[in-house]
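Just so you know, these numbers use all the heavy atoms, side chains as well, and skip hydrogens, waters and symmetry mates. Given the structure is predicted, the values throughout are model-derived calculations rather than measurements. Chain naming here is simple, since letters A, B, ... match the order of the sequence lines and numbering starts at 1 in each.
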Number of protein chains: 2
Amino acid sequence: MTYAIAEAAHRTGLSIDTLRYYERIELIDPPARDSGGRRAYTDSDLDWLTFLTRLRTTGMPIRLMREYARLRHQGPASAVPRKRILERHRADVLARVAELRSCLEVLDYKIDNYERMAACEAGAPAAAVPELREATA
Amino acid sequence: MTYAIAEAAHRTGLSIDTLRYYERIELIDPPARDSGGRRAYTDSDLDWLTFLTRLRTTGMPIRLMREYARLRHQGPASAVPRKRILERHRADVLARVAELRSCLEVLDYKIDNYERMAACEAGAPAAAVPELREATA
DNA sequence: GTAGGAGCTGGAGTGCGCTCCAGGTCAACC
DNA sequence: GGTTGACCTGGAGCGCACTCCAGCTCCTAC
């Protein structure tokens, strides 16, 4: 079973242009071609693309994905450095999640302030409540 | 208490160029100037910059930060739309965290595979274990 | 009074990750 | 056999968020 580029794009959530771009920059191997010279993606091509989208979603820079792709070509021999790349990336992603969480607290605090402002507005003007001024300014 | 641009950069973690850039694009108000025409940032300037870095860290695009900054100028009257922006952004950040988590599972699975490969290598060759081939390929 | 360092301005340049385009080929359908 | 539509190539262009630069001014310290 193979897929034309439009179908591959649909299945991976990437655009047709992005698929060709990933091929140009050697993130993926050139897929097989059909009799008319058109790209024919296999299921395993799509699996790899899907994995790449996970890496991209988690913010891995393309040059590192390329490095990973390059290592993949060397087969089992490169398992150790590939694992190392993924482990390092996992650590980065965990750090990112922690960072987002901590920013979320600030966001929650700010939103809360706006809520309290709205509550006050029904009673006293916000300007009369000192600890709310920062949020209004 | 005011701060020269280098000190403001140090305290906010932004670069001097970024501070001037944020001013140019109207993310921040032009700070006061000292007698020699140099920028003099106040604590409240820094507070705002710090908050902006939280928004940026969480991936808010600059044009939305600008919109928020613009609303801020209108004072308490714009509290409602500002709150709405933050709430929407919070939802985006939560979604992002969930997405990262789900990608982390894939990452964990892959790393686990590499671990099992290494374990097998001590015994049988990896190629002899069908469910590991995908990871080695 | 002069050398050095921080800061100033307007504008150009950069890196990333796509995205778009012109001009052509090919297969299929009417 | 003509038209349509998907796909092809090489290369240019884009949006974002900075980052860097040249050439200048100003204050400070010697």
Report summary line: Picking from D:dC7, D:dC18, D:dT9, the nucleotide nearest the side-chain atoms of A:R39 would be D:dT9

**Report entry** Selection from D:dC26, C:dG17, D:dC21 that lies nearest to any side-chain heavy atom of B:R38
**Finding:** D:dC26

Please report the distance, rounded to the nearest Å, between [atom1] in [X] and [atom2] in [N].
{"X": "B:I5", "N": "C:dC8", "atom1": "CD1", "atom2": "C1'", "result": "9 Å"}
{"X": "B:L19", "N": "D:dC18", "atom1": "CG", "atom2": "P", "result": "11 Å"}
{"X": "A:I16", "N": "C:dC18", "atom1": "CD1", "atom2": "C1'", "result": "14 Å"}
{"X": "A:R63", "N": "C:dC16", "atom1": "CZ", "atom2": "C1'", "result": "10 Å"}
{"X": "B:R24", "N": "D:dA17", "atom1": "CZ", "atom2": "P", "result": "15 Å"}
{"X": "A:R66", "N": "C:dG17", "atom1": "CZ", "atom2": "P", "result": "11 Å"}
{"X": "B:Y21", "N": "C:dG10", "atom1": "OH", "atom2": "P", "result": "16 Å"}
{"X": "B:D17", "N": "D:dC21", "atom1": "CG", "atom2": "C1'", "result": "10 Å"}

Query raised in the report: So, A:D45 and A:Y3: side-chain donor and acceptor under 3.5 Å apart, yes or no?
Result: no

**Report entry** Residues B:R82 and A:Y114: side-chain donor-acceptor under 3.5 angstrom
**Finding:** yes

Report task. Please test A:D112 against A:R116 for salt bridge (Lys or Arg N to Asp or Glu O under 4.0 Å), starting from the C-alpha separation and ending with a verdict. Result -> CA-CA 6 Å; A:D112 232 57; A:R116 264 176 281 144; 3.8 Å; yes

Query raised in the report: Contact class for A:R20 vs. all strands (heavy atom < 4.0 Å): base, sugar-phosphate, or nothing?
Result: base

Requested in this report: For D:dC18, take OP1 and OP2 only and decide whether either is under 4.0 Å from a side-chain N or O of B:Y22.
Outcome: yes

Query - Residue-phosphate contact under 4.0 Å: A:T18 side-chain N/O, C:dT19 OP1/OP2 - result: yes

Requested in this report: Name the residue closer to the 5' end of DNA chain C, choosing between A:L14 and A:S35 according to the nucleotide with the nearest heavy atom.
Outcome: A:L14

**Report entry** Salt bridge A:E26-A:R70, side-chain N to carboxylate O under 4.0 Å
**Finding:** no

Report summary line: Result for 5'-nearest mapping on DNA chain D, choosing between B:G37 and B:R56, is B:R56

Query raised in the report: Roughly how far, to the nearest 0.5 Å, is the CG atom of A:L86 from the CZ atom of A:R84?
Result: 11.5 Å

